[in-house]
2 protein chains.
Amino acid sequence: MPQNTRSTQQRRLIMELMEGNYSHPTADEVYELARAKEPRISRGTVYRNLNLLSDENKIRRLSMPIGPDHFDCNTDNHYHFLCHACFHVFDTNIKYKESLNADPAGMPGFKTEWHRLILVGLCPECAAKEKKGT
Amino acid sequence: MPQNTRSTQQRRLIMELMEGNYSHPTADEVYELARAKEPRISRGTVYRNLNLLSDENKIRRLSMPIGPDHFDCNTDNHYHFLCHACFHVFDTNIKYKESLNADPAGMPGFKTEWHRLILVGLCPECAAKEKKGT
DNA sequence: GTAACTGCAAACACTTTGCGAAGCA
DNA sequence: TGCTTCGCAAAGTGTTTGCAGTTAC
């Protein structure tokens, strides 16, 4: 990260697109949204800004067991559900377990900084489609 | 997956390398191990066989929030710790929560098939190095 | 003025895939 | 014999990076 970050048009646009966007978009989805408003914006700029905003904790990067990373405007600790059919990401109601970041029992010396819990399966819509198809 | 899978030299070699190997190697590490015994083996073959063996549940694919996938000869459900300095993967002693695969409370319609919990931080060795460096 | 940032394109890391030859059942 | 698998190389996906020009402060 540079010492002084600046407020550029592109950065403001990307932050605006993320604010209040609870769809957990991928970098490419943000790129498409951004391009609709600012056609000259480049993919590199979107990636760079998403990385910078994550580093500044203004958004959260969500790495998935399948496919590209997603980004979340909600930086509160919470867990996600990934549908392996439509690849949408959903928030879960599972309570965040702060205790998992404490030294895991029986693993002295390990310093946990963060943890990731992801459920993978089918969302209601895709589960219904699956049923119909069978 | 094909209807009938065969027992080839390469597949047997890769399975042998995985059996009793608790170091959670990446595909590339398996490739290097395999090449030491069978120099003509190709990367594609290693990837194909690791995928096939995972599909057959003879090994387990571990997707990490950083870096390439790892593979585990232990197919029992358990959780892992990733050191973000040396990128080694360790088994944790955290009890597997079967209940997370039940319908998450308050999320009717979602069908969870599996879940992944990964702790990220520093292993004892890298934590010690970090301390020294500071 | 100058460090931070941009667009662009090339490079990168990891993985999959198309093909013709070889091998297992 | 016929389907599976192989080695090889090329392509695919998602992301980062070097560069020369531009912009914020």
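Convention: sequence-line order gives letters A, B, ...; per-chain numbering from 1.
- We find that OH of B:Y31 is positioned 16 Å from P of C:dA13, with the value rounded to whole Å.
- For A:R40, a side-chain nitrogen or oxygen approaches OP1 or OP2 of C:dC8 to under 4.0 Å.
- What separates OH of B:Y47 from P of D:dA11 is a distance of 19 Å, to the nearest Å.
- Regarding A:D69, its CG atom lies at a distance of 17 Å from the P atom of D:dT13, rounded to whole Å.
- At whole-Å resolution of the value, CZ in A:R6 and C1' in C:dG1 are 10 Å apart.
- The phosphate of C:dG7 (OP1 or OP2) has a side-chain N or O of A:Q10 nearer than 4.0 angstrom.
- Look at B:N49 and you'll find a side-chain N or O under 4.0 angstrom from OP1 or OP2 of D:dC6.
- Distance CZ (A:R61) to P (D:dG14): 14 Å, rounded to an integer number of Å.
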Next on the checklist: Set out, in order, the CA-CA distance, both residues' side-chain angles and the distance that settles side chain to side chain contact (heavy atoms under 4.5 Å, CB included) for A:E113 and B:H84, then state yes or no.
Outcome noted: CA-CA 10 Å; A:E113 292 167 15; B:H84 64 67; 2.9 Å; yes
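- B:R116 places no side-chain N or O within donor-acceptor distance of the main-chain N or O of A:P65, the cut-off being under 3.5 Å.
- OP1 or OP2 of C:dG7 lies within a sub-4.0 Å distance of a side-chain N or O belonging to A:T45.
- Residue B:S7 places its side chain closer to C:dA25 than to any other of C:dA25, D:dC6, C:dA4.
- Judged purely by atom type and a 3.5 angstrom limit, A:H80 has no side-chain atom pairing as donor or acceptor with the backbone of A:V89.
- B:R11 comes within contact range of the sugar-phosphate backbone alone, with a heavy-atom separation under 4.0 Å but no base atom that close.
- A straight line from CG of A:L62 to C1' of D:dT15 spans 16 Å, rounded to a whole angstrom.
- Of the candidate nucleotides C:dG7, D:dT15, D:dT5, D:dT5 has the atom nearest to the side chain of B:L52.
- For the pair B:D28 CG and C:dC12 P, the computed distance is 16 Å after rounding to whole Å.
- Judged by closest nucleotide on DNA chain C, B:A27 is the one of B:A27 and B:T8 placed further toward the 5' end.
- Taking the nucleotide of DNA chain D with the nearest heavy atom to each of B:N4 and B:I41, the more 5' of the two is matched to B:N4.
- Taking atom CG of B:L50 as the reference point, atom P of C:dC14 lies 15 Å away to the nearest angstrom.
- Here B:T26 lies out of heavy-atom contact (under 4.0 Å) with every strand.
- With hydrogens and angles left out, the side-chain atoms of A:Y47 and A:D69 include no donor and acceptor closer than 3.5 Å.
- Here B:N51 lies in heavy-atom contact (under 4.0 Å) with sugar-phosphate atoms only.
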Item to check | Verdict with reasoning, A:Y79 to A:H115, per ring-ring contact (aromatic ring centres under 6.0 Å, His included) | outcome: CA-CA 10 Å; A:Y79 302 126; A:H115 68 270; 5.7 Å; yes
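- Side-chain N/O atoms of B:R48 and base N/O atoms of D:dG7 include a donor-acceptor pair closer than 3.5 Å.
- Among the nucleotides D:dC6, C:dC14, C:dG7, the one closest to any side-chain atom of B:P68 is C:dC14.
- Ion pairing between B:D76 and B:R60 fails under the 4.0 Å rule for side-chain N and carboxylate O.
- The base of C:dG7 is not paired with the side chain of A:R35 by any donor and acceptor separated by under 3.5 Å.
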